[in-house]
Engineer: 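Just passing along the structure, written as structure tokens.
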Amino acid sequence: MAKKKVAILGGGCGSMTAAYYLSNTQELRDALEVTVHQIGWRLGGKGASGRNALLGERIQEHGLHVWGGFYYNAFRMMQEAYGALGRPADCPLRNWDDAFKKHNFVAWEEQLGDRWVTWPLHPPDDDEVPGSGSPTPSLLDSIVRILGWVVDAIEDWPHEAARNASADASGTQPHMQSLGAVAPHIASSGGSFDGSPLSALRSAHAISRSMSATGGGHGAFAQFSLLASVRTFRKWLAEIHSDAEELDDVVRRIFIVVDLGLSMVAGALLDGILFRGYMAIDDLDFREWLCRHGASKIALESATLRGYYDYFFAYEDGDPAKPRMSAGMGLHHMIRLLTDYKGSLFWKMQSGMGDAVFAPLYELSVRNGVKFEFFHRVDSLVPAEDGKSIATVRVARQVRLKNGTYDPIVRPKNVPSWPSEPLFEQIDPADVAELERRNADLEDPWTDWDDVEMIELHSGRDFDAVVLGLSIGAFPGVCKPILDRDETWRTMVSKLPAIQTQAMQLWWTQPVDQLGWAGGNATGTGAASPHQSWSDMSPVIAVENWPPSNEPKSVVYFCGPMLTAQMPNGKDPSFGAAQTAIARANAIRWSREQLGRLYPNLLRDGSLAWELFFDPANGVGEARFAAQYVRANYTPTERYVLDLPGTNRFRLEADTSGYSNLALAGDWIFTGLGGAVESAVMGGMMAARGLVGTITHEIVDETRSPWRRKVSLVPLR
């Protein structure tokens, strides 16, 4: 039988995961012909990176990327990909654990009045491997773990008077009377209940352990007893620490973490999330939900929570003054992040994300027979007249290739990588000359460029199914024929905004410890806007290709949300230039005002010591900033999809597009986890499964939408 043809649109995480799972067995390779259509010269989407051949093959990222230790599906795929490739021994990224290293130093920046202080955090690591072993724990199992941490924190409380008071059962404890009818159950829970606040907390932990062990997570009386114990302890904690803002740093920070942890537990129990699911609270903002369940003002305004919003760029319109995040997504993701990580809370890539993730996926996909059409910009998807399938995909071919094919990979220091600009020697010289004359950017759909031709892919001839892996930011243009006729799609696009982000990378002539940073390699959040998040990425210098006599000693990546401009309607090369100029002005201003807090030795008499910025051209003064890397992520597929309160109901799933031959992939479809690599990987797996019926792995922590629509996708086999 003739092979069925699958056209994958876009080359980000969702698309490449779909390509992997549609080609990772011989049976699939015999049955399917898979083709990926990608704008420009590289894969990666929001995770793309490039090597700058003019500056030591340095890595230039779209932003800052670290992987959570709970990314089960993503790590499993990467482990399989590296294992199948069998790279040579002299490749620095030979195996998956060469590309990813444990990273357990997190720093939150606290603003205390006019004072900023760094809150260092070292979550414990272990010998487990992400992507293997037991799948994700239940919410009840996670509650057990959180309560265990809280018990440990209180028993080791550095505030001696508070610690002693927590264990004091003498006298009348008015708030203990609120236990009422459940008091006997609490007393018999095994938590050694003696009427003291600490014993109520221990009893809560004991009750949760019993519920988990017996599978009684849905028992109403047990849940009520657990909730009563938690709320009793929280009431005492709030009373004794009404002056928490005046506490020293260590005690205040423990109070914040305990307060947030207990608020999550109480809220999960009171709102019935154990049986209703996380999306029961989707209509609320995460901070609003925590406040509803007793979180203190100091916890709600803490660096911990502010940094979590930074983690998701969770600011409406890209405005730091408008933090908004779905409580359902926020709680689900945080529970997974904190209680389900393996090896380490985070794992840091030892090269660019393009090198560590997309190069091996590309190499393996090519080996498995997947075809790639670079310089193919998707123009539009056109439904059939009956509205039941996609009839045509229009794709713009951007340039002519010398030999009809394009090999996109470069290998600095034997690391398969993507260049930061096209490999012009493989492109028709006339097109190269025109690209240089116009200074056109082939990844910018509004750039000053005229496509070579428009190609029409027809259903039944060029494809039997389509995987739409582009970000939803591109849909107003690419999916306009669908939006014009389909209210469900129009609503989804209007309710799921995608914002601009901005990023910068700074190279220095000294290691960060000599610049005044203490504690080692860190990733931080909670800093001042707009670059709230940062990470020391100095280890990647080892896989760059600087002259030994002239190489940087450190590099730190920064990123954050960006006030989001309305997208142009039609060709407008000035738009990208203007957004980049704004990002550069923001970067310079932020560096002047904020860098000295993180790296005090960068200052000389209160001003930046520009001579410490690495510049191969040896510029003078502020001119050395020109050698740093700044970008605005303004194009449709680079924009970050927000998870605003009340919007998950509008997310489609991989197999519910409404069209029989259209599967959906990416972090914008419903997964319950929000914008993350793991979400995009899960989306790609769902798309592949929808097309072929079954794939080689279960999707760990798969969550179906409670607003699930009718399945429309017809499997290819």
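By convention here, the first residue in the shown sequence is residue 1.
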Engineer: Taking the side chain as every heavy atom from C-beta outward, state whether L260 and T304 have any pair of such atoms under 4.5 Å apart.
Structural biologist: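 When only atoms from C-beta onward are counted, T304 and L260 do touch, with a gap below 4.5 Å.
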Engineer: Using only heavy-atom distances, determine whether the side chains of D451 and Q398 contain a donor-acceptor pair under 3.5 Å.
Structural biologist: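 Side-chain D/A pair, D451 to Q398: absent.
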Engineer: What's the shortest heavy-atom distance between P408 and P419, and which atoms?
Structural biologist: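 Closest approach of P408 to P419: O-CD, 3.2 Å.
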Engineer: When you check the side-chain N and O atoms of Y634 and D444, is any donor under 3.5 Å from an acceptor?
Structural biologist: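 Side-chain D/A pair, Y634 to D444: present.
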Engineer: Say whether Q502 and N633, considering side chains only, have a donor N or O and an acceptor N or O under 3.5 Å apart.
Structural biologist: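 Absent: no donor and acceptor within the cut-off.
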Engineer: Using every non-hydrogen atom in the two residues, find where G352 and I59 come nearest and quote the distance to one decimal.
Structural biologist: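 In this case the closest contact between G352 and I59 is N-CD1, 3.4 Å.
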Engineer: Report, as yes or no, whether the 6.0 Å neighbourhood of atom CG on N569 holds more than 12 heavy atoms from other residues, nucleotides or ligands.
Structural biologist: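 Incorrect, the count does not exceed 12.
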Engineer: Decide whether H62 and S49 meet the rule of one side-chain donor and one side-chain acceptor closer than 3.5 Å.
Structural biologist: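 Side chains of H62 and S49: no pair found under 3.5 Å.
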Engineer: Pairing donors with acceptors under 3.5 angstrom, does anything connect the side chains of S554 and Q510?
Structural biologist: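 Result is no, nothing qualifies.
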Engineer: Taking the six-membered ring for Trp, are W41 and F374 ring centroids under 6.0 Å apart?
Structural biologist: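 They do not qualify: ring centres at least 6.0 Å apart.
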Engineer: Side chains of S538 and D536 only: does a donor on one sit below 3.5 Å from an acceptor on the other?
Structural biologist: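 Yes, side-chain donor-acceptor contact under 3.5 Å.
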Engineer: Using the rule given for ring-ring contact (aromatic ring centres under 6.0 Å, His included), can you reason through Y311 versus H333, listing the C-alpha separation, both sets of side-chain angles and the distance that settles it, and then say yes or no?
Structural biologist: CA-CA 11 Å; Y311 178 74; H333 196 108; 5.4 Å; yes
Engineer: Minimum heavy-atom separation for L442 and V399, please, with both atom names.
Structural biologist: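 What the structure gives for the nearest pair is CD1-CG1, 3.8 Å.
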Engineer: Between the side chain of S344 and the main-chain N/O of H103, is any donor-acceptor distance below 3.5 Å?
Structural biologist: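 Pair found, side chain donor or acceptor close to backbone of H103.
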Engineer: Taking the side chain as everything from C-beta on, heavy atoms only, tell me whether W108 gets closer than 4.5 Å to L121.
Structural biologist: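 The answer is yes, as the side chains (C-beta and beyond) meet within the 4.5 Å cut-off.
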Engineer: Before we go on, tell me: are the rings of Y629 and W507 under 6.0 Å apart, centre to centre?
Structural biologist: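 That pair fails the under 6.0 Å test.
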Engineer: Does the distance from a Lys or Arg side-chain N to an Asp or Glu carboxylate O, for R51 and E544, drop under 4.0 Å?
Structural biologist: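 No salt bridge links R51 with E544.
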Engineer: Output the distance between atom CG (D441) and atom OG1 (T447), rounded to the nearest 0.5 Å.
Structural biologist: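 Interatomic distance, D441 CG to T447 OG1, rounded to 0.5 Å: 5.5 Å.
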Engineer: With the threshold set at 4.0 Å, does a side-chain nitrogen-carboxylate oxygen contact exist between E61 and R631?
Structural biologist: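 Result for this pair is no, no salt bridge flagged.
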Engineer: Which value, rounded to the nearest 0.5 Å, describes the distance between Y362 atom OH and L43 atom CG?
Structural biologist: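 Reported to 0.5 Å precision, the distance equals 7.5 Å.
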Engineer: Do the non-hydrogen side-chain atoms of N439 and D448 ever get within less than 4.5 Å of each other?
Structural biologist: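 No, every pair of side-chain atoms sits at 4.5 Å or beyond.
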Engineer: For M78 and W67, what are the C-alpha separation, side-chain angles and deciding distance, and is it a side-chain contact (heavy atoms from CB on, under 4.5 Å)?
Structural biologist: CA-CA 12 Å; M78 296 314 303; W67 282 29; 3.7 Å; yes
Engineer: Applying salt bridge (charged side-chain N to carboxylate O under 4.0 Å, His left out), which residue pairs with at least one partner in residues 412-434 are found, sequence neighbours left out?
Structural biologist: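 Non-adjacent pairs meeting salt bridge (charged side-chain N to carboxylate O under 4.0 Å, His left out): R400-D431, E434-R437, E434-R438.
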Engineer: Test your reading of the model: is there a side-chain donor-acceptor pair from Q38 to the backbone of F375, 3.5 Å cut-off?
Structural biologist: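 Pair absent, no side-chain N/O of Q38 close to backbone of F375.
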Engineer: Start with the C-alpha distance between R287 and E301, add both sets of side-chain angles, then the distance that settles side-chain contact (heavy atoms from CB on, under 4.5 Å), and finish with yes or no.
Structural biologist: CA-CA 9 Å; R287 183 183 274 110; E301 296 177 355; 5.9 Å; no
Engineer: Going by distance alone, is a donor N or O of one side chain under 3.5 Å from an acceptor N or O of the other, for S296 and D259?
Structural biologist: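 There is such a pair (donor and acceptor under 3.5 Å, judged by atom type) between the side chains of S296 and D259.
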Engineer: Evaluate side chain to side chain donor-acceptor pair (under 3.5 Å) for Q579 paired with Q500, printing each intermediate quantity in order.
Structural biologist: CA-CA 9 Å; Q579 298 306 305; Q500 294 177 194; 3.0 Å; yes
Engineer: Roughly how far, to the nearest 0.5 Å, is OG1 of T564 from CD of E316?
Structural biologist: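 E316 atom CD to T564 atom OG1 measures 10.5 Å (nearest 0.5 Å).
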Engineer: Consider only side-chain N and O atoms of Y599 and D513, and report whether a donor and an acceptor are under 3.5 Å apart.
Structural biologist: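 D513 and Y599 do not have a side-chain donor-acceptor pair below 3.5 Å.
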Engineer: Could you state the interatomic distance from CG (L64) to CD (Q505), rounded to the nearest 0.5 Å?
Structural biologist: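 Output value for this atom pair is 9.5 Å.
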Engineer: If we ignore hydrogens and angles and just use 3.5 Å, is the side chain of S417 paired with the main-chain N or O of V415 as donor and acceptor?
Structural biologist: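 Checking the backbone N and O of V415 against the side chain of S417, a donor-acceptor pair under 3.5 Å is found.
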Engineer: Regarding Q532 and S529, is there a side-chain donor-to-acceptor distance under 3.5 Å anywhere?
Structural biologist: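 There is such a pair (donor and acceptor under 3.5 Å, judged by atom type) between the side chains of Q532 and S529.
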Engineer: Distance only, no hydrogens: is a donor on one side chain within 3.5 Å (strictly under) of an acceptor on the other, for D310 and S533?
Structural biologist: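 There is no such pair (donor and acceptor under 3.5 Å, judged by atom type) between the side chains of D310 and S533.
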Engineer: Is there a donor-acceptor pair under 3.5 Å between the side chain of S15 and the backbone N or O of G10?
Structural biologist: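 Present.
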Engineer: Are side-chain heavy atoms of P429 and F424 found at a separation under 4.5 Å?
Structural biologist: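 P429 vs F424: side chains apart.
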Engineer: Say whether, by atom type as modelled, one donor and one acceptor occur between the side chain of R377 and the main chain of I39 under 3.5 angstrom.
Structural biologist: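 No; zero donor-acceptor contacts below 3.5 Å.
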Engineer: Is the closest basic N to carboxylate O distance between E443 and R42 below 4.0 Å?
Structural biologist: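 Yes, this pair counts.
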Engineer: Decide side-chain contact (heavy atoms from CB on, under 4.5 Å) for R584 and F625; before the verdict, give the C-alpha distance in whole Å, the side-chain angles of both, and the deciding distance to 0.1 Å.
Structural biologist: CA-CA 10 Å; R584 181 162 290 275; F625 195 84; 3.7 Å; yes
Engineer: Does Q426 reach the main-chain N or O of D407 with its side chain, forming a donor-acceptor pair under 3.5 Å?
Structural biologist: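 Judged by distance alone, yes, a pair lies under 3.5 Å.
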Engineer: Using a 4.5 Å cut-off on heavy atoms from C-beta on, say whether the side chain of I582 contacts that of M562.
Structural biologist: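 In short, these two side chains touch, coming nearer than 4.5 Å.
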Engineer: Indicate yes or no: does E57 engage R411 in a salt bridge with an N to O separation below 4.0 Å.
Structural biologist: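 The answer is no: the pair does not qualify as a salt bridge.
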Engineer: Show your working on side-chain contact (heavy atoms from CB on, under 4.5 Å) between L642 and I499 and close with a plain yes or no.
Structural biologist: CA-CA 7 Å; L642 295 180; I499 64 164; 3.6 Å; yes
Engineer: Is the backbone N or O of R589 less than 3.5 Å from a side-chain atom of Q594, with the two atoms forming a donor-acceptor pair by type?
Structural biologist: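 The answer is no, because no donor-acceptor pair under 3.5 Å joins these two groups.
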Engineer: With a 4.5 Å heavy-atom cut-off, do W418 and I409 have their side chains touching?
Structural biologist: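 Side chain of W418 against side chain of I409, heavy atoms only: contact under 4.5 Å found.
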Engineer: Would you say the side-chain atoms of T637 and K46 include a donor-acceptor pair closer than 3.5 Å?
Structural biologist: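 Result is no, nothing qualifies.
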Engineer: State whether W116 and R597 meet the cation-pi test: NZ (Lys) or CZ (Arg) under 6.0 Å from the six-membered ring centroid, and within 45° of the perpendicular axis.
Structural biologist: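 Judged by the rule, R597 and W116 form a cation-pi pair.
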Engineer: Are any side-chain N or O atoms of W590 and backbone N or O atoms of E593, one a donor and one an acceptor, separated by less than 3.5 Å?
Structural biologist: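 No: the side chain of W590 does not pair with the backbone of E593.
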Engineer: Between D126 and K342, is there a side-chain N and carboxylate O pair less than 4.0 Å apart?
Structural biologist: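 K342 and D126: not salt-bridged.
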Engineer: With ring-ring contact (aromatic ring centres under 6.0 Å, His included) as the test, pick out the partner of W347 among Y71, F75, F100, F70.
Structural biologist: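 For W347, the ring-ring contact (aromatic ring centres under 6.0 Å, His included) test succeeds with only one of Y71, F75, F100, F70, which is F75.
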Engineer: Is any side-chain heavy atom of V540 closer than 4.5 Å to a side-chain heavy atom of K348?
Structural biologist: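 The answer is no, as the side chains (C-beta and beyond) never meet within the 4.5 Å cut-off.
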Engineer: Determine yes or no for a side-chain-to-main-chain donor-acceptor pair under 3.5 angstrom, with Y315 supplying the side chain and Y309 the backbone.
Structural biologist: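 Flag not set: sc Y315 to bb Y309 has no pair under 3.5 Å.
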Engineer: Of all the heavy-atom pairs spanning Y82 and A99, show the shortest one and how long it is.
Structural biologist: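 Looking at all heavy atoms of both residues, the closest pair is OH-CB, 3.3 Å.
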Engineer: Looking at every non-hydrogen atom in both residues, tell me the closest pair between C13 and M353 and how far apart they are.
Structural biologist: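 Where C13 meets M353 most closely, the heavy atoms are SG-CE, 4.3 Å.
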Engineer: From W508 CH2 over to N601 CG, what is the distance, rounded to the nearest 0.5 angstrom?
Structural biologist: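 With rounding to 0.5 Å, CH2 (W508) is 11.5 Å from CG (N601).
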Engineer: Look at the aromatic rings of W610 and F613 and report parallel, tilted or perpendicular, splitting at 30° and 60°.
Structural biologist: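 Plane angle between 30° and 60°, so tilted.
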Engineer: Side chains of M325 and L644, heavy atoms from C-beta outward: is any pair under 4.5 Å?
Structural biologist: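 No - every pair of side-chain heavy atoms lies 4.5 Å or more apart.
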Engineer: Looking only at heavy atoms, which two atoms of L55 and W546 are closest? And how far apart?
Structural biologist: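 Heavy atoms of L55 and W546 come nearest at O-CH2, 3.3 Å.
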Engineer: Supply the atom-to-atom distance N545 CG to E551 CD, rounded to the nearest 0.5 angstrom.
Structural biologist: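 Here the rounded value is 10.0 Å.
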